[in-house]
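Working notes, structure below.
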Amino acid sequence: MVPSGPMTRGLASSRWAILRIRLSGPYVIVRYTDSRGRRESEIVDGRTLPPPLFLPPSSGTLSQRVQELAQGLPDFRPGPHNTGPVPVALFVSPPPLVSLPEVDTDVIRFASTLLLDQNRLQVARLASGKPLERAPFRLPFRILATDDAATLALSNFVNSGWYSGSEETRAFGFQVATASDDAEAALRDTERDIVVTESAQALLTLLGEVSPRWRPRLVIALDPGFLQPAPWRLPRGVALLRLPHPSFGGSVAGYVSSFLHGLIHDLPLHEAVKAAVRQIQPLFTPELTADPISNESLRILQALAELKRQRERLEARLPSLNVAPLLDRARDDVDVLRAAAVLEPLAPPGYIEDAPIPGLTHLMRWVEHTRSLPRAFTNFEQEGQGLVPMAAMEAEYARLRAQESAVVQQLRAITDDPAVSRLLRRHQRRVLDVALSRLETSPLLEPLDKASTLAAGAAYKLRVHVGNPMSDSIVSGETPPIDPLLPDPEDARGHRLEVAIQGKAFEVLGERSQGFWLPEFGGSEPVYFEVRAPEHLGPTELRICLYYRNHLVQSYVLSAVVTSAEQQHSDSSVERLSVMLEFSRTERFTNLDELRPRALSLGVNSGASSATHELMVKADKAEAELTLFPSTYANEVKKFRDMIEAAARDPSNPNAPRSYPVVPAGQAPAADVQDTLRDLMRKGSDLYDAVFNKAAQRSTDLRKALVRIKKSANEKLQVVRFDDNFVFPWSVLYDFPLPDDIYGQAPLPVCLGVDVDASGKTVDCAHIGKDRVYCVRGFWGVRHYMEELIGQGTSVDAKVDRAAEDAIRIVADSTLASTSTLIQNLTTAIGSKLVANGPADADLLADLMWKDPPERPSILIVLGHLETRLVVGEPTAPRIVLVPQSKWLTRKLIADRAGNEVDGWKQPRSVIMLMVCESAATTAETVNDFVTAWNTAGAGAIIGTETIVGSGLSATFAEEVTQRLWSQEPLGKAMTEFRRLLLGQGNPLAFIFHAIGDTDLTLK
Ligand SMILES: [Zn+2]
């Protein structure tokens, strides 16, 4: 396993180990770490070792670790410049402040003994100080020679035929400059990648004073005192290659030339040092000082990746000028004629060749040309296939760069046209696009197509952007037309979106979430993630989540097949790698302003093993991926449900529902009710810990986000169920600290969340997240607005139309005592024209529900027993009884109807209240079957019950919440206010009801 974090950013890293050796009294302490994240340490009594070799002899464990690293490395580099096996980089940190040069020599000798085959090992000194992450390396390699010795050392290289022949390569591939008199000014003048000098000590001191950006990545020291140790201090981010002065002999210039060619052949520093030694066999041993980051900071592969990013940035952002599909889609728009007059001249037939904007044609051509860039590791081995064409691309782009802004200016004049601007706002279409390319397999950095498998354990780069799909897209499903995607007009308002990756079986290397700017028109720039495919073979997946202000806008699932090496299916129509839209709250990214912020978003899906669940957490500046083990919460959830169920039954007559006397505002309820509430709080607190504790301990950002939620009220908290059967009582999570119970003392009284102020008005109590108190405001579902969504399909509108007639349908078992009260009260409150009773016949009800608005009601209230027992003449499936012994509503009826209708419900979609009451069969899972069926049908929101509930309370709930919704209170607020009301009156059954649907859902 490669540790995540800065060590693996950029391209997937090579293999390395670090050996830190310290002396403590007579003891020698050896600490080992490596690129696989393994750690070892050994302490040896130095007195037992013969002087002057007081280091421990080559240790078995350490040798074995280095041997394991070497085993996975190739025996040779493909291509004409193969010099031998790829070596492990072993960075050694000798004891500081040791005045004896022989100790230093001993340490290096000791490190060299860790591998018997010296060909597979390159020892370097570890640069002191924290490694510095540099900007990705881009061409050209900029070299500065500060003196005559440096010029002499570079003479072999600059005389190479391929180099001296091409001016373009000298400017954009490999620049060599000479600062004959003022090296300091030359360094401050332009950024340099490599400085060659005979005065290294003075130079390094100078570099320590300049900002890291102006420091070269490598200093090649031509040291006149090479035979003596040089304890120079390196500024952060700089590596050092120490060689003898050229006056030492002829092999120095040959060695430098061979080393620089190694960089052009894409070798990391330690390998370039080794390859040049093998090739030149100099009469000296070059000394490299670096760290795992600086060792990789001059990879030409990185420059190639940057060129490709440049290409992808342009491809994503350049307008396509394909206006026909847009104009066709907008053909009924009032602005279409005016807009067409402006847009159509932009796109003559064959517009690539004779577009009215020449700069655009040139940029598009550049994008095409870059597709011929090196595609294999071997390409770098020949300058003519690697460095030279890359330099040509850079040169061409340098000429085009100035045109890019001119093109944008010209196109902006078009989008500034009011008719065009209005048309785009209403009809422009953009999609999220994904591609996957290779980081460690061949063809290098090239995208995979849908017929390809992934290699087990290999690293890949995932690209995500919003705009037009690109040529290497692996998104499956409906292919949208390519839209013009013009630049934003002056008055545009874009949106900042965030993409987060839920790795699942993949390992996410480095950042798992990244933000990007989505302009109002046009495409976003791509963002990139690095992931490592799982080691186990077979199908696998990861999830891509797109958020706007912590509100999940879309989620996609990437499905792949892992094989031991990549395989291409001979039939290219076979999809083994694809990305599918799973859940969406937008169709064309035009409704983002309507998606209100969430303080937190949780996404839950079933885990790799069927028993576990995975939780994706997203909050401001925080994201995490957690695994939920049933052992940590299943028992607690069951206990919570048992407790609620017990509280719902009359203790003296368990078959009857229990009613709770109303407690005056600000007073405490009866002792047994307090006991129940305290138990619920303890359960809620345990559940909260089960979900978040471990993660919060690991992530400071997540802890901060949870504290913000603890200290706030009336925030919207989102839960998206990717596994639609994961019923979890989120609203009962309790995050206030609980008081300590003292043996022999009565527990603190329960606060019902309400107080009475001086004027006698009922107000919220003053308890906040740090009070140690039993207060119902510690529950998420009481203090905040909970939102639970089923993460499948598309739900883009949070509005439900208020129909003018029969807007509220009540389908209730008329034998229940509370049915007539419910109908009467709602009719009185809302009006007889608006409230309708029935139909009790399930088929007629389904007919009605599958009509379009306004015939379909805005709110449907179903009130009845849930029956699961087998009764002669009744369906065997669980059913909600509408008329005893004759009319039932089954899950199958809804599901069949949803499956048989071609179109789902059109907006506006109805709110369904499933008031399943007084039934021993009521379990969260059974009710959920009905909930998911209605969700599939297309309901705007579904309100269900958690466990047994009396028909009286059901009717009260339906009446109260319907009235709140009808008076345009958003769904989440209506639910929370009902819970607050019920708890404030001393009734602990507030948690029985929960809603699936947008917390902002409003009847309008
Ligand atoms: Zn309180």
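Leu114 CG to Leu19 CG: the interatomic distance, rounded to the nearest 0.5 Å, is 6.0 Å. Distance check: Ser294 OG to Leu218 CG gives 8.5 Å after rounding to the nearest 0.5 Å. Separating the CD atom in Glu383 from the CD1 atom in Ile264 is a distance of 5.5 Å, to the nearest 0.5 Å. Atom CG of residue Leu207 and atom CZ of residue Arg215 lie 7.5 Å apart, to the nearest 0.5 angstrom. The distance from atom CG of Asp147 to atom CG of Leu222, rounded to the nearest 0.5 Å, is 7.0 Å. Taken to the nearest 0.5 Å, the CG atom of Leu152 stands 10.0 Å off from the CD atom of Glu198.
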What do the steps show when you test Arg317 against Glu404 for salt bridge (Lys or Arg N to Asp or Glu O under 4.0 Å), and what is the final call? CA-CA 11 Å; Arg317 299 278 289 126; Glu404 204 182 331; over 6 Å; no
Evaluate the salt bridge (Lys or Arg N to Asp or Glu O under 4.0 Å) criterion for residues Glu394 and Arg401: first the C-alpha distance (whole Å), next the side-chain angles of each, then the deciding distance (0.1 Å), finally the verdict. CA-CA 10 Å; Glu394 289 283 5; Arg401 196 189 294 266; 5.5 Å; no
Glu68 and Arg65: salt bridge (Lys or Arg N to Asp or Glu O under 4.0 Å), yes or no, with the steps? CA-CA 5 Å; Glu68 283 159 11; Arg65 290 282 171 264; 3.2 Å; yes
Salt bridge (Lys or Arg N to Asp or Glu O under 4.0 Å) between Glu306 and Arg309, intermediate numbers included: CA-CA 5 Å; Glu306 287 303 300; Arg309 275 187 188 220; 3.8 Å; yes
Would Ser437 and Leu445 satisfy side-chain contact (heavy atoms from CB on, under 4.5 Å), going step by step from the backbone distance to the final call? CA-CA 6 Å; Ser437 56; Leu445 300 178; 5.7 Å; no
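A salt bridge is absent between Arg512 and Glu623; no separation between the charged side-chain nitrogens and carboxylate oxygens falls under 4.0 Å. Ionic pairing of Glu296 and Arg299 is present here: one or more N-O contacts between side-chain nitrogen and carboxylate oxygen are shorter than 4.0 angstrom. Ion pairing of Arg217 with Asp193 is present here, as a side-chain N (NZ or NE/NH1/NH2) and a carboxylate O approach within less than 4.0 Å.
The aromatic rings of His265 and His261 are tilted relative to each other, their planes meeting at an angle between 30° and 60°. Below 30°, between 30° and 60°, or above 60°: for Phe226 and Phe284 the angle between ring planes is above 60°, a perpendicular geometry.
Between the side chains of Glu525 and His465, not a single donor N or O lies within less than 3.5 Å of an accepting N or O. Side-chain contact, Arg31 with Ser93: no donor N or O sits under 3.5 Å from an acceptor N or O. Remark: the Thr370 side chain and the Arg311 side chain contain an N/O donor-acceptor pair separated by less than 3.5 Å. In this structure, a donor-acceptor pair under 3.5 Å is absent between the side chains of Glu40 and Thr61.
Of the candidates Arg15, Gln118, Glu271, Glu271 is the only one forming a side chain to side chain contact (heavy atoms under 4.5 Å, CB included) with Pro87. Of the residues Leu260, Leu144, Val176, Leu241, the one that meets the side chain to side chain contact (heavy atoms under 4.5 Å, CB included) test with Ile194 is Leu260. Of the options Lys308, Arg438, Lys461, a salt bridge (Lys or Arg N to Asp or Glu O under 4.0 Å) to Glu446 is made by Lys308 and by none of the others.
Residues passing the ring pair (Phe, Tyr, Trp, His ring centres under 6.0 Å) test with Tyr528, sequence neighbours excluded: none. Scanning for ring pair (Phe, Tyr, Trp, His ring centres under 6.0 Å) contacts around Tyr163 gives Phe157, with sequence neighbours left out.
For the pair Arg36 and Trp16, the cation does not sit on the ring face, since its NZ or CZ is not both under 6.0 Å from the ring centre and inside 45° of the axis.
Although no hydrogens or angles enter the test, the distance criterion places a donor-acceptor pair under 3.5 Å between the side chain of Thr197 and the main chain of Ser199.
Residue pairs meeting the ring pair (Phe, Tyr, Trp, His ring centres under 6.0 Å) criterion with at least one member in residues 121-155, sequence neighbours excluded, are Phe137-Phe141, Phe141-Phe174.
Residues Glu440 and Ala458 approach most closely at OE1-CA, 3.7 Å, considering heavy atoms. The minimum heavy-atom distance between Arg463 and Pro526, with the atom names listed, is CG-CB, 3.6 Å.
For Arg278, the CZ atom counts as densely surrounded, since its 6.0 Å shell holds more than 12 non-hydrogen atoms of other residues, nucleotides or ligands.
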